[in-house]
Amino acid sequence: MHFKIFQIAVPVLFIVYTIYQISMVRRHEKKFADIVIPLLIFLLLAAVSIFPDATTKRLARLMGVQDNVNGLLVFLIGVLLLLVNNLYEKIRIQNATITKLAIHVGLKEERKENEQG
Amino acid sequence: MLIALPAYNESSVITNVIGSIRAEGYNNIVVIDDGSKDDTAQVVKSLGVPLVRLPINRGVGAAFRTAIEYAHYRNEDKLVLMDADGQHYPEDIKGLVLAMQESNADIIIGSRFLGRNYEHIPFIRRVYNKVANWVTYLGERNVTDSQSGFRVLNRKAIQALDLECDDYAACSEMIWKAKRQGLQLKEAPIKVRYTEYSLSKGQNLWKGVKTMVSLVRKW
């Protein structure tokens, strides 16, 4: 059986990534729920790289598109949308924190000036 | 009763606005400077009016939240929120407070569209307000002027409201949260004057789209 480089590289990367993510969970730097979706996506990519034809054809059939290349593209667009949504959520949280901080600083400064007369 | 003026780059009009409020006999005023880039803060300080200055511009919703927190901290019995661009008439404060006393409401919204001729309000603003009212109505509350920045809150509302939106969506968010927290909300008529200056401030199409997105996400 003839393997191409990506068929070995992607699963190896998946294993390294999984170990790294689990170690982060063990160190309490991440919650388990946060790593599930990225790991599942990576697992699917690893499966696609090991069995490209079988998995992409199944993927295409699952999504109702004509061939396996389109199936893979649709899947990757879905992954990108998920990443964009994650980024949006992170920015939303950061914005909320910045606003809270700005309000806190503003009120604290006013109280300080008030106390100084 | 505290009058709070959320202000962003209002140095050219803030003196007149504060003067007209003082002329009506209201001296308990605070300006929430939402990170203005002009001399708003210096002008307000020179008038001897308390100033809460946000270090960066965060939007009118953030200014509302600051005013509410400030009123909470000072244990004010009422908080009047009104625009600092001079479009609201300070003489309407009396009518809003009277409406609060008569109706026992916790929040009174000054409505531009209630019982008065509102033909002078620019068409695009009327359309925007109509759409915003529909979205607010989806959040299960029907009002005629969901985007009005002229509001009176009593102590119960000051203590209960916990807003999250930074932008104009805070206007509708306040209405929704009032319902969820069991606060009584009523509207009372107000007058508005639209000058070239006040039209250059406030909502525009882009801000309107962003507010709608923000509202839909919050809903």
Side-chain angles (χ1 to χ4, degrees), chain A residues 21 24-25 28-45 62-65 73-117, chain B residues 2 4-8 28-36 40-42 44-46 48-76 79 158 161-170 173 210 213-218:
Chain A
Q21 292 294 313
M24 285 183 90
V25 172
H28 303 287
E29 288 172 14
K30 266 189 179 181
K31 290 178 191 161
F32 182 71
D34 295 336
I35 69 167
V36 172
I37 291 175
L39 281 184
L40 283 176
I41 292 169
F42 220 141
L43 177 67
L44 197 66
L45 281 175
L62 189 75
M63 288 185 286
V65 288
L73 286 174
V74 171
F75 169 72
L76 289 175
I77 289 168
V79 171
L80 283 176
L81 283 176
L82 191 76
L83 291 175
V84 168
N85 188 58
N86 281 352
L87 277 177
Y88 182 90
E89 191 57 23
K90 275 182 189 166
I91 291 169
R92 193 188 62 76
I93 293 167
Q94 299 279 16
N95 269 334
T97 309
I98 291 168
T99 302
K100 270 188 190 168
L101 196 62
I103 293 172
H104 180 76
V105 169
L107 290 170
K108 202 174 174 183
E109 284 292 312
E110 194 277 337
R111 277 170 213 166
K112 210 164 103 183
E113 277 179 29
N114 208 16
E115 279 165 11
Q116 286 169 352
Chain B
L2 174 72
L5 302 169
Y8 178 64
N28 190 12
I29 305 167
V30 63
V31 174
I32 313 295
D33 178 16
D34 185 19
S36 293
T40 302
Q42 286 87 330
V44 171
K45 274 185 182 171
S46 72
V49 172
L51 170 80
V52 178
R53 187 163 198 209
L54 303 188
I56 46 172
N57 177 242
R58 299 306 298 161
V60 72
F64 278 1
R65 289 161 59 184
T66 311
I68 291 169
E69 275 195 38
Y70 184 81
H72 193 183
Y73 163 72
R74 302 235 322 206
N75 199 24
E76 297 286 348
L79 168 67
I158 292 168
L161 280 176
D162 181 23
L163 303 180
E164 291 168 59
C165 291
D166 291 349
D167 52 16
Y168 279 92
E173 190 196 7
K210 277 168 70 180
V213 171
S214 202
L215 271 179
V216 170
R217 287 190 74 92
K218 193 54 59 192

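Heavy-atom basis, side chains included; hydrogens, waters and symmetry copies ignored. Per chain, numbering begins at 1; letters A, B, ... match sequence-line order.
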Which pair of non-hydrogen atoms, one from [X] and one from [Y], has the smallest distance, and what is that distance?
| X | Y | result |
| --- | --- | --- |
| Pro55(B) | Gly106(A) | CD-N, 4.4 Å |
| Leu54(B) | Ala102(A) | CD2-O, 3.6 Å |
| Ile103(A) | Ala62(B) | CD1-O, 3.8 Å |

Exercise. Are Arg65(B) and Lys100(A) side-chain neighbours, meaning at least one heavy-atom pair lies under 4.5 Å?
Worked result: yes
Exercise. Just one of Glu110(A), Glu113(A), Lys108(A), Arg111(A) clears the side chain to side chain contact (heavy atoms under 4.5 Å, CB included) bar with Val52(B), so which one?
Worked result: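 Option passing the side chain to side chain contact (heavy atoms under 4.5 Å, CB included) with Val52(B): Glu110(A).
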For this session: With rounding to the nearest 0.5 Å, note down the distance linking CG in Asn114(A) to CZ in Arg74(B).
Result: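 It is 7.5 Å, given to the nearest 0.5 Å.
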Exercise. CD1 of Ile56(B): more than 12 outside heavy atoms within 6.0 angstrom?
Worked result: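 Result for CD1/Ile56(B): enclosed.
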For this session: Without swapping roles, check the side chain of Arg58(B) against the backbone of Asn95(A) for a donor-acceptor pair under 3.5 Å.
Result: yes
